[in-house]
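Below is one structure, written out as structure tokens, with a few remarks after it.
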Protein chains: 2
Amino acid sequence: MSTPRQSRADRRRATEARILDSARELFAEKGFERTTIRAVAAAASVDPALVMQYFGSKRELFTQAVQAFPAPLTATDTDVLVDQLLASLGLKLGGLPEGTLAMMRSMLTDPAAADHARAALGRQIEGVGAALPAAEDPELRAALVVTTLLGVTIGHQLLGLAPLREAPADRIAALLRPAIKALAEPPE
Amino acid sequence: MSTPRQSRADRRRATEARILDSARELFAEKGFERTTIRAVAAAASVDPALVMQYFGSKRELFTQAVQAFPAPLTATDTDVLVDQLLASLGLKLGGLPEGTLAMMRSMLTDPAAADHARAALGRQIEGVGAALPAAEDPELRAALVVTTLLGVTIGHQLLGLAPLREAPADRIAALLRPAIKALAEPPE
DNA sequence: CCGTTCGCTCAACACTTGTTGACCCACTCA
DNA sequence: TGAGTGGGTCAACAAGTGTTGAGCGAACGG
């Protein structure tokens, strides 16, 4: 029993990761406001003070636990773009990363999260807009594409609407594809 | 000065309405959690205790201030349906009623609001589904239609994304229409 | 082997929140 | 005019929050 199975540094890293995981999960489930440091600490089997010691503040914990929306896309072909979008917005197996869900969950009620989300969605819109064929109002079209997928994701992942929860992912994608294309391409 | 300009009952009704208006506004702007009874009372130039006396609890105040999503639609023709949807989801002049915005704002972070929203959206989906032409998966299509418009509304009214804020409402409606129709009608 | 580091806990503070009961006073009405 | 109703305020409580500083004890390093 002279040497412990884990070094001090290992334990330290493990605890920090455990806290971060619990935080991500709770933030994704309940949002920023309703998630308390004490609850995160309890979920990670740790004292609340330790969370503060490691992350400094609840805000900073949130920032570290959450991850931004998926990186902006780069595609030139509309079909490829649609594929990328459908894939990136969580319709695939396993859903979105929990950090992204946490971000989205708090987007409407937390000013800082709202800023973050606005910026990330803005970048996403910019990326999609650049990839759109030379149509009128590419930015507006891109914004509609992105917010459409945002709405479906919210209804699916955050609200858990029954028709969406029960439908197979590729069926949703198949139905969504023509709609996205209609937004992306000039119908005239 | 023997008779006041307003009867006691009138004043009573007026202050109650003032409280309700302030509450609606604040709930719509900051959501349930971040809106405090004290802030509502201050906005209505009234003592916090009076808010409690009139509405019993913060929850009850929220319930009374908020109003559900628009009533389910009844339409048999797809084009008419699309018109109704575009009109009902706040793209028209003046935007959505503040009570509905309050509901949507708190939808993702407040369990009670989430229940309410799920139910209302469910009814809306049911209504749209019933109006859809006899296609495959009418409920799923309806859910996609509704969540699509939900996403655009969130991006527009709650997040204030620039491309949507700056675009004229009928332009948005014009671009959205083919997409909605693509969701509603079997492409095959 | 012993002093030191450091991961971690304990107890408490300061503050905000929803909520309550006692109270005041202008209006009502007999 | 005088008792009483009721709109409205004041001060306080109890619970929960983020946050902090002192301290314990096991792992570390010489």
Side-chain angles (χ1 to χ4, degrees), chain A residues 1-23 26-27 29-66 102 106 109-113, chain B residues 1-23 26-27 29-66 102 106 109-113:
Chain A
M1 308 279 189
S2 59
T3 41
R5 33 178 32 98
Q6 284 190 13
S7 74
R8 190 138 74 166
D10 281 345
R11 273 195 66 82
R12 153 79 203 233
R13 266 188 297 274
T15 318
E16 189 168 328
R18 219 170 54 235
I19 294 176
L20 221 42
D21 282 347
S22 306
L26 286 172
F27 280 137
E29 183 187 330
K30 311 168 92 81
F32 181 79
E33 292 270 0
R34 298 181 76 94
T35 297
T36 87
I37 296 269
R38 283 171 171 82
V40 171
S45 306
V46 138
D47 191 276
L50 192 64
V51 178
M52 296 302 299
Q53 190 177 320
Y54 284 175
F55 296 94
S57 72
K58 185 184 176 183
R59 269 254 94 81
E60 182 60 22
L61 173 64
F62 181 74
T63 307
Q64 297 221 17
V66 149
S106 303
T109 37
D110 183 76
Chain B
M1 309 283 183
S2 58
T3 42
R5 42 194 8 114
Q6 284 190 12
S7 75
R8 191 137 74 165
D10 282 344
R11 271 195 66 81
R12 154 79 203 232
R13 266 188 295 275
T15 35
E16 187 168 327
R18 220 170 53 235
I19 293 175
L20 221 41
D21 283 346
S22 305
L26 285 172
F27 280 138
E29 183 187 330
K30 310 166 92 81
F32 181 80
E33 292 271 0
R34 298 183 76 94
T35 297
T36 92
I37 296 268
R38 283 171 172 82
V40 171
S45 307
V46 139
D47 191 275
L50 192 64
V51 178
M52 295 302 297
Q53 190 176 319
Y54 284 176
F55 296 93
S57 72
K58 185 185 177 184
R59 268 255 96 79
E60 183 59 22
L61 173 63
F62 181 73
T63 308
Q64 297 221 17
V66 150
S106 303
T109 36
D110 183 75

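None of these values were measured; they are calculated from a predicted model. Within every chain, numbering begins at 1; the chains are lettered A, B, ... in the order of the sequence lines, protein sequences first and strands thereafter.
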Euclidean distance, atom [atom1] of residue [X] to atom [atom2] of [N] [Å, nearest integer]:
| X | N | atom1 | atom2 | result |
| --- | --- | --- | --- | --- |
| A:E60 | D:dT19 | CD | C1' | 15 Å |
| B:R12 | D:dG7 | CZ | P | 5 Å |
| A:R8 | C:dC6 | CZ | C1' | 5 Å |
| A:Y54 | D:dT20 | OH | P | 17 Å |
| B:E33 | C:dG18 | CD | P | 9 Å |
| B:K58 | C:dT17 | NZ | P | 9 Å |
| A:D47 | C:dC6 | CG | C1' | 15 Å |
| B:K30 | C:dT17 | NZ | P | 10 Å |

Mapping A:Q53 and A:I37 onto DNA chain D by nearest heavy atom, which one lands closer to the 5' end?
A:I37

5′-ward residue of the pair B:V46/A:F32 relative to DNA chain D:
B:V46

Nucleotide of C:dT19, D:dC10, D:dT19 approaching A:M52 most closely (side-chain heavy atoms):
D:dT19

Of the listed nucleotides (D:dT9, C:dG18, D:dC28), which one gets closest to any side-chain atom of B:L50?
D:dT9

Inter-residue atom distance [X].[atom1] - [Y].[atom2], 0.5 Å rounding:
| X | Y | atom1 | atom2 | answer |
| --- | --- | --- | --- | --- |
| A:E33 | A:T109 | CD | OG1 | 6.5 Å |
| A:Y54 | A:L20 | OH | CG | 12.5 Å |
| A:R8 | A:R11 | CZ | CZ | 11.5 Å |
| A:R34 | B:F32 | CZ | CZ | 7.5 Å |

Go nucleotide by nucleotide along DNA chain C from the 5' end; which of B:A49 and B:T36 gets its closest nucleotide reached first?
B:T36

Base C:dG18 paired with B:R38 side chain (donor-acceptor, <3.5 Å)
yes

Please determine if A:R18 and A:D21 form a salt bridge, counting it only when a charged side-chain N lies under 4.0 Å from a carboxylate O.
no

Side-chain N,O (B:S7) to OP1/OP2 (C:dT28) below 4.0 Å:
no

Tell me whether the side-chain N/O atoms of B:R11 come closer than 4.0 Å to OP1 or OP2 in D:dG8.
yes

